[in-house]
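Notes follow once the structure below has been shown.
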Amino acid sequence: MPELSYLEAIRSGLLAEMREDSSVYVFGEDVALGGPFGVTQGIAEELGEHRVVNTPISEGTVMGVAIGAALSGLRPVVEIMFVDFITLAMDQLVNHAAKLHYMSGGQLKVPLTVRVQCGVQGNMGAHHSQSLESWFLHVPGLKVVMPSNPADAESLMRDAIRDDNPVLFIEHRALYFSRAEASEGGSGLAMDRAAVLREGPDVTVAALSRMVGPALEAAEALADEGVSVEVVDLRSLVPLDIDTLVDSVRKTSRLVVVHEAVEQGGVGAEVAARVQERALYYLDSPILRVAAPNAPVPCAPPLENYFVPDKERIVEAVHRALSSQPS
Amino acid sequence: MPELSYLEAIRSGLLAEMREDSSVYVFGEDVALGGPFGVTQGIAEELGEHRVVNTPISEGTVMGVAIGAALSGLRPVVEIMFVDFITLAMDQLVNHAAKLHYMSGGQLKVPLTVRVQCGVQGNMGAHHSQSLESWFLHVPGLKVVMPSNPADAESLMRDAIRDDNPVLFIEHRALYFSRAEASEGGSGLAMDRAAVLREGPDVTVAALSRMVGPALEAAEALADEGVSVEVVDLRSLVPLDIDTLVDSVRKTSRLVVVHEAVEQGGVGAEVAARVQERALYYLDSPILRVAAPNAPVPCAPPLENYFVPDKERIVEAVHRALSSQPS
Amino acid sequence: MKAAKRGSTAKQGSARGAGGNGNRELLSLLRRMWVIRAFEEKVSALYAAREIVGLLHLGIGQEAVAVGVCSLLDADDQVYGGHRSHGHAIAKGADLNRLMAELAGRVTGYCRGKGGSMHVVAAETGFVTASGVVGGTVPLALGAAFAAREKGAGRVAVVFFGDGAGQTGPFHESLNIASLWRLPVIFVCENNGYAEFTPLSAHTKVERLAQHAGTYGIPSATVDGNDILAVRKAMGRAVDNARAGKGPTFVECLTYRLRGHYEGDPGKYRELSQLADWKKKDPIARFVRVLKRRQAASAEDFAKAESDARALVEAAAEFALSSPWPEPEETATQVCA
Amino acid sequence: MKAAKRGSTAKQGSARGAGGNGNRELLSLLRRMWVIRAFEEKVSALYAAREIVGLLHLGIGQEAVAVGVCSLLDADDQVYGGHRSHGHAIAKGADLNRLMAELAGRVTGYCRGKGGSMHVVAAETGFVTASGVVGGTVPLALGAAFAAREKGAGRVAVVFFGDGAGQTGPFHESLNIASLWRLPVIFVCENNGYAEFTPLSAHTKVERLAQHAGTYGIPSATVDGNDILAVRKAMGRAVDNARAGKGPTFVECLTYRLRGHYEGDPGKYRELSQLADWKKKDPIARFVRVLKRRQAASAEDFAKAESDARALVEAAAEFALSSPWPEPEETATQVCA
Ligand SMILES: Cc1ncc(C[n+]2csc(CCOP(=O)(O)OP(=O)(O)O)c2C)c(N)n1
Ligand SMILES: Cc1ncc(C[n+]2csc(CCOP(=O)(O)OP(=O)(O)O)c2C)c(N)n1
Ligand SMILES: [Mg+2]
Ligand SMILES: [Mg+2]
């Protein structure tokens, strides 16, 4: 594939589906103009304004409109500009999109893709920087994916639109302009498969979205110390490819889970709970979590920098995992 | 204390605070008439309609009104009739109530209590039966309590109202008319302490809210088999009294966590992640979770019954924990 | 079979635009109201007998709205309801057996027992879904209208909601979007004067919820919701406008629920005299008086309308209660498509 | 110190009810507009120089609303803002040093650097909070008004929001509750014609957002938001009504932002001619012309109003940029009270 940025790759996946399937529509604030980051730039020009619909600032209702359109046979892609604002659409997403297939005994389907952008980047403060993916692990009926690189972003976008279920497609703002080519392992996988980006026998580091980069850097740094790290990109949270992780941990006996969301109640908890359930007797050290401190996202640069986990904190966690002993 | 039902105990705690502190106000749908379950019955008659304010069906804004009133020095108690509808108030609760103290660098305080009723009881279906507490573990700035018995309900309600932070007070509908006297261990504890309701060396069973009852029944049944179970009532999720749990697990080497919410992304995940982190080398078997299956809540009696964890499933999990061996 | 019949009757209705008012048509409206009334009275009896459990909201007294509105729709127009929607589903053509079985929690129910009273779905009839969340289906209906408009086949979407939903944010956001995009959606507000236990005056200072539509330039009508012909008249214009691409309409139907908010509601918050007054306005008895005046049908036609309805409903109860329960293992199936 | 001065000036304002229009008072209004203008121009320059980072929304061109509204409030009236609220905070008496330091992410900032541009809090001045969530503070202001009413000291609450917030559910739910409970809250809509990159006409068919207030019987006025005296006139009535227990008022101020939606916005979506037209209506230049006509002040008074403002702002920038950063460890402090 051509070298695209993460943002271009999302657009490319979206546009490819929209060209092939006239039932795919985009809804969101200023999306016809490309949206604030330009992800949907040019689509209205190519396919027509009617396919890329600007909406008022009414997240809850726009989500509902997209769900209703999906129930009527369209395949809408709705954009919530920042995941912080999905708080305004929770009833529609959780009580309606996620549940209607089940509640109707299979009569209804909601082929909906929710595009949302998350994370810390650019000192935007507590209302424009959250990572809330773990809430949606707890909502049966939703699928949740978080691509870490352009290749995955493109293929997961296409998978999400083709899926007959509501899929939450979570983009990371800090990755939009990254061109990092996806490793072979990462590209062209099925939506429900994690990607082993780097193999190693000593420690498994499982990372999510924007944290995959620092995880790979940490692995590089640790390699120089002679520590060989296996790096797994979770890619999809629902379904969660626990088998790949368990296989890796059975080999390495140590696991560090890395995400940008705050630690308490984060995805790392579910990963740890499931892995220990299936691999407890293989673990030589506790499963460690590297995540944001338990606080809202601060605005000032030194605080924001401290908030976001980085290579150093991953390296430090791996050292702790390697040195941990029964006390 | 007099033998009160869980519902009467909540009212008693609320009324006691309202009598002592004229800045405590109640907001909610039909609360002046007692609300659908009668929790606030009689308060308006005693203290005046102005203290118990009926609201329109506008959960998001009513939550915001209560937050604004709290910022202006009142101590509001807002009732969200079913936790399923808190989905309509997430922006105010998560982005404003939970964060304003932090975001203001300590200038603002939000002494707010959110009363909400959750869980499965009475075949009400997927929109009136959820348990969503784990979302709020992941929201720094909120406190979350889930009383399992009348004595705790009364004291936790008083603690919640006196707390200078937003506290989510989660009631379980199925417990409203239970009069089960609180065990000594359960009563009069600080809000941030778990309660060891029954001691035993073999397995620790940690339960939440309405699941504490089945956990105690299971312990009884297991005692007849000669298995001595330690039952811990978590009571408070934020803060979570992990020390009490870790001490217990270091003694029993086995842990089963029980809650009514669906397993994936539930509170059990955070409990398991934290306990294995601090007590891995004491664990003789994986930490097991007994929770609802990963589905919306069904309506039909046989499905609803199957959905809710019960004594048998807890006993079965304890057996698994006891028999688990390195494979 | 029965469903098909009612479905096709519905088609006839709108085949004549605003719906003919010929005697056969009028009698069929009476029949349909009787079917809803008989169905809900049976549900109430089964609930009292603990044969049906759950949280039930009956629309007894509001049948003229459900039947009047749906009588002007085609089978492939899309209807959304709320927590009090048994009547809406029946009026749109739901099969009584599968509906009763759903309320009774049986696997033969529309939703295999997973949905229940507040969450009826009868997809093949165009009754897309009810919801336990007040105001929750209003945005969904806009989505159906958007899809209908894009498909260009002149389909319309209708959403039933109560006066209490008129104070929810999604309702207001929806009025704005419906008017902005000129969607073929019809807002049917069943204003029965109460939200749970408090009167509308405790929820808003706005006396006619249709005023909100006016702000957006959405045409509206406030009609006597217990007069089925008045409902049909207003609805006829609304449907014609929507099909003609002229956008949304708001129809406010003033009515009253003759039973409690939910089955078991002691109902202390309403004066008995008020209830008595409204009983006099019972939409079925009223319509019978109208038909008598017009000599539209004979005495036995009227009697038969009721007795046929009761027979259908007895058969439905029979079907439901003799149907098997879902297997517990179904609890975790159909979570994903 | 400066904060105190401005605070007391504000007090004077409303001490004279609708605010005197004596020359000293008028000149002080001009001064305050200049302070906001100078402050935001400095912020813009510091942002361009990468001395300030983040997501900045400037209100340059909208100063007459902020100053006109706040000049009629007492220090203990409560004001809520939004994502474009530097001016609201200054008008309510925020200290320029601590405000600039907050934008610069320094520990000497109002929020110790935790808040930032969209989340300014200057509690001691009665500017309770801004918010990055469009429409998010409207319900909060109702709560402040509720508390004020219960305390019975005649305090009022004011919330500033934009035209884009006028399509959010919470805004509509809030209009309903404010009218239902007759709360002493004043809705100040800064209608600058755009929400991000699209004009109001792309967001709603409603031409005057004040129409929504009318539906609820909430008194409203739509005024030229670039005419500070017009803003004060409408606001004067609103404040008097609120203090007299007559409930809410809606004041829609028609204005325009002379800069992009956010700093760095290429602004392709607006005609240059449109921008030029509005530059002619610059609220400061206009007010100067008014004062000149009234001979309310001398040429050097006008010059001094600007130069003093620039001096204050330079000092604030000096203070901010020479202030220490917060310690990283502060990241996890003050999460709970
Ligand atoms: C969002 C939400 N809030 C609260 C409730 C609880 N509730 C169920 S019905 C009802 C009243 C609805 O009144 P109305 O819309 O007038 O419908 P009616 O019951 O009169 O038919 C309420 C508050 C709910 N189901 N959903
Ligand atoms: C709930 C929510 N949705 C979307 C956004 C993104 N956003 C920030 S400002 C803005 C436009 C607001 O327009 P308006 O209310 O007119 O205020 P203005 O920017 O014109 O001052 C939008 C959509 C947001 N901050 N909050
Ligand atoms: Mg009603
Ligand atoms: Mg604007």
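Naming: A, B, ... by sequence-line order, numbering from 1 per chain. We use all heavy atoms of the structure for the numbers below, so side chains are in, but hydrogens, waters and symmetry mates are not. Fair warning: this is a prediction, and the values are worked out from it, not measured in the lab.
Contact record, B:Cys299 with C:Gly115: CB-O, 3.4 Å, taken as the closest heavy-atom pair. Here the shortest heavy-atom pairing between B:Asp30 and C:Ala195 reads OD2-O, 3.9 Å. Shortest non-hydrogen contact noted between B:Pro301 and C:Trp325 is CD-CZ3, 3.8 Å. Here the closest non-hydrogen pair linking B:Pro293 and C:Thr331 is CG-CG2, 4.0 Å.
C:Glu318 CD: 12 or fewer foreign heavy atoms inside a 6.0 Å radius. By the neighbour-count criterion of 12 heavy atoms within 6.0 Å, atom CD of C:Glu207 is sparsely surrounded, having that number or fewer from other residues, nucleotides or ligands.
The residue among B:Val297, B:Asn123, B:Ile57 with the most heavy atom pairs within less than 4.5 Å of chain C is B:Ile57.
Atom OH of B:Tyr306 and atom CD of C:Glu329 lie 5.5 Å apart (nearest 0.5 Å). For the atom pair C:Thr333 OG1 and B:Leu303 CG, the distance stands at 8.0 Å (nearest 0.5 Å). We find the CD-OG1 distance between C:Gln167 and B:Thr55 to be 10.0 Å, quoted to the nearest 0.5 Å. Rounding to the nearest 0.5 angstrom, the gap separating the OG1 atom in C:Thr168 from the CZ atom in B:Phe85 is 12.0 Å. Here the OG-NE2 distance, from B:Ser58 to C:His203, works out to 9.5 Å after rounding to the nearest 0.5 Å.
A perpendicular orientation is assigned to the rings of C:His119 and B:His127, their planes being inclined by more than 60° (bins at 30° and 60°).
At a 4.5 Å heavy-atom cutoff, the contact between C:Val133 and chain B is made by backbone and side-chain atoms alike. Heavy atoms closer than 4.5 Å to chain B are found nowhere in C:Gln334, neither backbone nor side chain. Neither the backbone nor the side chain of C:Thr204 comes within contact range of chain B; no heavy atoms are under 4.5 Å apart.
Looking only at atom types and distance, the side chain of C:Thr198 has no donor-acceptor partner in the side chain of B:Asn54 under 3.5 Å away.
For the pair C:Glu196 and B:Met81, the minimum side-chain heavy-atom distance is below 4.5 Å.
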